[in-house]
Amino acid sequence: MDSKTYTAALAELRTLRDELKKKQAEVAKLETERARRVTALAGYEKAKAERIAPAAGLSLADVVAIAPILAPDSITAPAQSAPAAPAADVHAEPIEEPPAVQAPGAVAPSMTGGPEAPPPADAAPPTLAQAEAAPSMAYAAPAASASTAAPPPKSPPASTPSSLAAADVPRSLPSLPEGPEGDRWVGHTANLASTRPNFTQQARSTAFLDTATGMLVYRDQTVRLDLASASAGDILQAVFHTVPEGVERIYITAGDPWHRDAGRYPFLRDAVAAWLSAPIPGWRTDTGRGKDRMAGHFVHARHPVARYQREGADQHVEIRSVGEWFDPEGADPAIIRDAFVLLWKALRAHWSDAVIMGSPSQTGRDLWTRTIPARGQFADGYPVLSEELRGLLHATAGQGRTELFTPPDVPEQLPALVEYDRTFAYAKHTWKSPVGTPRRITAATFASWSSKEQTKALFGCGHWQVRVTVPDGWNHVGILPAPAPGERAWHYPRTPGATFTTWAGGPEIYTALSNPLAPWKVEILDGLLWDDGKPLDDWSKKLKEAWGALSAQADLHGDPTQRQAAHLASRAVRSLLLYGIGSFAQRPRTVTGTTPRTAERDIPADAEIIGFDDDHVTWQRPTGFSRDPNAHPEWAATIWSGARAALLSMRMREDNTHVGALHAPPGTVVAFRTDAVYLTAPQNWPYHGQPGEYLQKGHLAEPVPAPTTEDELLALRDAGRHALHRTPIDGDA
């Protein structure tokens with residue numbers, strides 16, 4: 001084969017690739033339609049999986065995976081792999097581990113009886129980290145004594161039907177390796193630390209555009225544009241014709257133009273990728289510049305980021321969704337512009353050099369770096385953990401608790417549905433965070449300590465590998481997260497006698513040991529223990545003060561438009577803290593890029609092609625953990641663990657009472673959603689408007705059918721909020 005033949009064969013291969021991509025999209029669309037029809041058939045009271053399976057060309061297991069209601073009575077553990085079904089009853093069977101992994105552990109001390117133990121930081125103890133993907137590196141097996149390195153097994157994607165047997169296989173979590181290798185993990189990355197910046201961020205000129213109405217607000221100008229098809233090219237042409245000097249950032253306030261052709265694609269993300277990568281005469285995909293250098297567009301199903309550079313000129317612009325900051329709640333672009341002005345003023349009251357960047361995560365973390373002390377122990381910065389420890393935290397920690405309880409765990413007909421949401425929840429858990437070099441605490445080390453030393457360690461900033469046993473007679477919700485099928489799935493076992501191995505932080509372990517119903521058995525297998533510090537305290541206090549000032553404006557301002565703007569600005573402050581904390585977790589990154597068809601050989605070899613047209617190819621590739629100087633997953637883990645524990649039990653010192661799901665009667669919890677708990681009856685929980693307190697946000701006082709899917713729960717949530725706003729319940733705050 002000569003060079004000419006080789007080049008021609010490559011061209012033919014690319015053509016075949018494109019055809020395959022199109023056919024795969026068509027097949028995916030047909031499979032989605034098949035699943036919809038199977039689900040519709042399952043609604044017939046006499047429907048049987050045995051008849052539907054051959055008609056659909058699926059196995060019985062796949063039909064039941066799509067429509068769990070069709071599961072035969074002999075199956076005791078319902079399948080939970082259907083795309084629309086909630087992970088409702090993964091606790092139906094005890095989780096028994098093979099004898100081989102039952103390595104001896106050190107039993108944690110009882111925290112019930114006698115003088116009340118100090119609460120483990122109602123406002124901030126240690127543990128799990130958010131995320132959305134399994135780590136790419138190999139880890140030791142989850143047994144406490146394991147020393148061989150092996151990657152955690154991956155389960156099929158949640159949207160792919162699989163056998164019932166496969167759906168019941170829990171995900172394994174990694175462990176710290178034994179010996180010198182594990183010792184090498186427990187440290188920091190050389191020459192990498194979070195330091196105070198010595199530069200000032202540059203503000204970027206910003207416009208606000210409603211693509212549904214064409215209304216554009218730029219500084220004090222308000223004009224209506226003709227956006228034609230609302231493609232990225234149409235938007236850039238209309239905006240730059242109206243604002244000749246140009247803008248650097250365009251926030252889309254309504255209209256979601258990237259969804260305009262969603263009906264042509266099997267997945268929303270494909271429609272977004274096509275919108276981003278469509279060619280624009282005179283513009284090309286921006287590859288970034290300066291300290292905030294980014295590569296190409298960011299493909300996200302609902303909040304994408306488009307970055308463009310004018311060809312032959314140093315002119316850059318990005319198009320973003322304002323939904324990254326808050327729900328616009330129908331506000332017009334002028335009110336949203338005012339909200340950003342109020343946000344900037346509120347931040348300037350605490351940071352003289354505050355600049356609003358493109359996203360709340362960027363802005364929140366930039367503001368945090370400007371609170372790093374110039375003197376004292378960490379004047380040289382906060383060192384970043386080793387890549388191995390960051391990967392371990394990423395794999396063994398989750399973010400918010402999302403769980404739906406369906407019949408028979410709750411009545412078919414709920415007597416009522418009440419939503420309690422924790423106000424500015426994460427701000428309650430930032431006063432204490434791990435700092436310094438962690439110590440590895442093995443089971444033997446923990447067992448050698450006195451009960452007082454063990455209790456102190458569990459109250460500290462730690463991340464623990466534990467074996468847990470649910471007590472006999474337990475009849476309430478689960479307490480500790482356990483790995484479930486799926487790359488980032490977690491569930492909360494609650495069957496009496498169930499035993500499982502997991503990782504957890506101090507707040508949740510404390511709750512398991514000291515809850516008001518019955519102490520759980522917790523055995524320490526391994527762990528990491530840091531010194532207590534306050535790296536986030538100053539940052540969080542300033543954000544809470546800004547939030548309080550804006551919330552007061554939203555309540556008291558005489559102008560309704562300014563009240564709405566202040567309310568949106570207060571929500572933006574919440575996002576600064578929420579997503580700022582999330583950015584500390586530093587998940588493995590995925591870079592997206594667009595390459596002309598004439599230069600396909602420049603596409604990275606490990607890239608996945610996610611879209612293409614006649615002129616361009618859009619691709620993405622994982623880049624793993626970068627040398628990010630502000631990567632601190634141990635901080636995110638600590639805050640998330642504290643927030644999950646507070647959903648279950650939290651002490652309100654001023655009122656001398658406890659609140660949370662475990663203080664509601666068994667069988668009354670319908671769902672958890674990150675910071676909210678849904679109950680079948682109102683609770684007498686005090687509320688003073690402070691961060692972390694439970695606010696009643698919705699109340700359906702009449703009986704309603706128990707929700708069986710997330711969509712049904714959200715519909716009831718919205719109805720409950722509307723009902724409470726329209727007719728306050730007697731006695732409600």
Side-chain angles (χ1 to χ4, degrees), residues 124 126-137 139 174 176 184-197 201 288 291-295 298 357-373 378-399 426 429-430 432-438 461-463 488 503 505 528 530-531 533-537 539-540 576-591 621-641:
T127 158
L128 303 100
Q130 169 179 2
E132 275 119 14
S136 57
M137 59 198 71
Y139 296 101
L176 284 162
R184 185 182 65 81
W185 283 24
V186 183
H188 294 108
T189 301
N191 303 316
L192 190 64
S194 306
T195 57
R196 193 181 185 97
Q201 291 287 357
K291 292 184 178 293
D292 59 346
R293 186 176 183 85
M294 303 290 283
F298 174 62
M357 302 173 70
S359 70
S361 61
Q362 290 174 324
T363 310
R365 201 159 64 161
D366 178 70
L367 293 174
W368 170 75
T369 63
R370 298 173 192 280
T371 64
I372 295 175
F378 295 103
D380 293 331
Y382 293 97
V384 173
L385 293 177
S386 69
E387 185 170 327
E388 291 84 359
L389 278 192
R390 282 180 277 154
L392 179 72
L393 285 163
H394 175 75
T396 60
Q399 189 193 359
Y426 287 178
H429 304 281
T430 54
K432 183 177 75 172
S433 301
V435 293
T437 302
C461 292
H463 190 57
R488 293 298 301 171
W503 285 82
L528 297 165
W530 285 265
D531 291 336
K534 295 181 175 291
L536 305 177
D537 193 41
W539 173 69
S540 177
L576 289 175
L577 187 130
L578 178 69
Y579 295 115
I581 290 168
S583 70
F584 289 126
Q586 198 229 11
R587 300 160 195 78
R589 296 187 176 183
T590 298
V591 172
R621 68 182 183 91
T623 59
F625 291 96
S626 66
R627 282 184 60 84
D628 184 348
N630 296 320
H632 292 285
E634 70 276 19
W635 297 349
T638 296
I639 292 166
W640 289 329
S641 176

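We're numbering straight along the sequence, starting at 1. Since the structure is predicted, the reported quantities are computational estimates derived from the model, not experimental observations.
- Residues forming a salt bridge (charged side-chain N to carboxylate O under 4.0 Å, His left out) with Arg184 (at least two apart in sequence, or on another chain): Glu181, Glu388.
- In this structure, CE in Met357 is found 11.5 Å from CG in Leu576, a value given to the nearest 0.5 Å.
- Under the rule for a side chain to side chain contact (heavy atoms under 4.5 Å, CB included), the partners of Pro535 that lie at least two apart in sequence or sit in another chain are Tyr382, Ser433, Val435, Trp635.
- A heavy-atom distance below 4.5 Å is not found between the side chains of Ile639 and Phe584.
- When side chains are defined from C-beta on, Gln201 counts as touching Arg370, because their heavy atoms get closer than 4.5 Å.
- Partners of Ser361 according to the side chain to side chain contact (heavy atoms under 4.5 Å, CB included) rule, which considers only residues two or more places apart in sequence or in another chain, are Ser359, Tyr579, Ser583.
- Side-chain atoms of Ser194 and Thr369, non-hydrogen and from C-beta on, never get closer than 4.5 Å to each other.
- The closest side-chain heavy-atom distance from Trp530 to Leu385 is below 4.5 Å.
- A 4.5 Å side-chain heavy-atom check between Leu389 and Leu176 finds at least one atom pair inside the cut-off.
- Evaluation of the side chain to side chain donor-acceptor pair (under 3.5 Å) rule for Thr189 yields Arg390 as partners, not counting sequence neighbours.
- The side chain to side chain contact (heavy atoms under 4.5 Å, CB included) test applied to Thr437 returns His188, not counting sequence neighbours.
- Applying the salt bridge (charged side-chain N to carboxylate O under 4.0 Å, His left out) rule to Asp380 yields no partners; only residues at least two apart in sequence or on another chain are considered.
- Looking at Trp539, its side chain never comes within 3.5 Å of a backbone N or O of Leu577 through a donor-acceptor pair.
- We find the CD1-CD distance between Ile581 and Gln399 to be 9.5 Å, quoted to the nearest 0.5 Å.
- In this structure a side-chain-to-backbone donor-acceptor pair under 3.5 Å is present from Ser386 to Trp185.
- Contact of the Pro633 side chain with the His394 side chain is not registered, since no non-hydrogen atoms from C-beta on lie closer than 4.5 Å.
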| request: Give the intermediate values and the outcome of side chain to side chain contact (heavy atoms under 4.5 Å, CB included) for residues Asp628 and Arg365. | output: CA-CA 12 Å; Asp628 184 348; Arg365 201 159 64 161; 3.0 Å; yes
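- In this structure, His632 and Pro383 approach most closely via the heavy-atom pair CE1-O, 3.3 Å.
- For Thr363, there are no side chain to side chain donor-acceptor pair (under 3.5 Å) partners at least two apart in sequence or on another chain.
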Walk me through it: do Trp368 and Leu536 pass the test side chain to side chain contact (heavy atoms under 4.5 Å, CB included)?
CA-CA 7 Å; Trp368 170 75; Leu536 305 177; 3.5 Å; yes
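- Across every non-hydrogen atom of Ala395 and Pro174, the tightest pair is CB-CG, 3.8 Å.
- Taking every heavy atom of both residues into account, Asp531 and Cys461 meet most closely at O-CB, 4.4 Å.
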